[in-house]
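Structure record follows, encoded as structure tokens.
In listed order, ligands and their atoms are each counted from 1.
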Amino acid sequence: MKIIRLPAKLAAYALRLKRNQQSIGLVPTMGALHDGHLSLICSARKENDFVCVSIFINPKQFSAREDFKKYPRPLSKDLELCRKAGVDIVFLPEAEDIYPEGFGSFVDLPAISSLLCGKTRPGHFRGVATIVLKLFNITRADNAYFGQKDAQQAVVISRMISDLNLPVKLRVMPIVRCNDGLALSSRNVYLNKQQRQDAVVLYQALCLARCLIDHGLVDTQRLLLRMRQLIAKHQTAKIDYITAVDLNSLKPIKRISQGCLIALAVKFGKTRLIDNIVI
Ligand code: AMP
């Protein structure tokens, strides 16, 4: 497994692979790898000649009051997991090589970036879209692997690929969960014992939604109220949003319909968790 730190070096390497007709699968991550990341790597491994995993905690997608500084960085464990998963290249850049002095170009998708998580995380998806476009350009990826866990991120990337005619195929993979249903996340390590127990209510609320819809409930307000009531039973939970939206536009819908997205963000102490289901 190669570890490449410089964007120019990876770009040159990727160009050589492309000249030799090798397909490249890219898995962008911020490290602290878990089984969710590994499922993306596993799909990339099956579908490409070369697999590149990027590990980069992108400062441009964190606001000043967010957890950039304390975000977990278990690098040697991550490298070991990548090695075991058959990754060919780990791209491990420094922020100053990604954003050198004078850097000034950004990708902005204001219509979808301002909704859901964008309301409490202004600038977040601008940072995400910008780094992902840079990674696409550096790695010349044929296929790029993202998790449904970050549903809005997948919609932003899909829109960017389509709007900018990027020659990349987006692959969105299912959410990997713990046995009790909590979606795996690098941020779960921040939770204390009580918060970790209470956090299961996110998945329970989504399951409740699915069950109510299966029994014929279509009124969005009534559905979301039932979910809110369930989550509110847990004192450590503070709801940021719960919403039902169209999966492409992310605009709220009045009536539940096939293919809609039910998404939520809930804070436990300082830790903000997200989860979702597609109906
Ligand atoms: P992150 O390192 O948190 O930026 O995540 C990197 C990629 O892994 C993103 O595309 C996430 O959506 C995906 N991911 C994170 N958690 C999960 C999970 N529990 N199941 C599936 N994919 C995930």
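Under 4.0 Å from ligand 1, not a single heavy atom of Val27 appears. Under 4.0 angstrom from ligand 1, the non-hydrogen atoms of His34 all belong to its side chain. If you look at Pro174 next to ligand 1, the close heavy atoms, those under 4.0 Å, all belong to the backbone. With a 4.0 Å cut-off on non-hydrogen atoms, His37 touches ligand 1 through its side chain and not its backbone. Contact annotation: for Met173 versus ligand 1, there are no heavy atoms closer than 4.0 Å.
Across every non-hydrogen atom of Lys149 and Ala183, the tightest pair is CD-CB, 3.8 Å.
With hydrogens and angles disregarded, no donor-acceptor distance shorter than 3.5 Å links the side chain of Ser54 to the backbone of Phe56.
Considering Val155, Val245, Leu250 in turn, Leu250 is the only one that fulfils the side chain to side chain contact (heavy atoms under 4.5 Å, CB included) rule with Leu115. With respect to Asp88, the salt bridge (Lys or Arg N to Asp or Glu O under 4.0 Å) criterion is satisfied by exactly one of Lys2, Arg45, Arg83: Arg45.
If you check each of Gly36, Ala32, Gly147 against atom 10 (O) of ligand 1, the one with the closest non-hydrogen atom is Gly147.
Close contacts of ligand 1 with Leu184, meaning ligand atoms under 4.0 Å from a residue heavy atom, involve 16 (N), 17 (C), 18 (C), 19 (N). Which parts of ligand 1 touch Thr29 is read off a 4.0 Å heavy-atom cut-off, strictly below it: atoms 2 (O), 6 (C). Of all the atoms in ligand 1, the ones that sit under 4.0 Å from a non-hydrogen atom of Asp150 are 11 (C), 12 (O). Within the listing of ligand 1, atoms 6 (C), 7 (C) sit less than 4.0 angstrom from a heavy atom of Pro28.
Leu79 places none of its side-chain heavy atoms less than 4.5 Å from the side chain of Ser76.
Remark: Arg73 is positioned above the aromatic ring of Phe68, its terminal NZ or CZ atom under 6.0 angstrom from the ring centre and at most 45 degrees off the axis.
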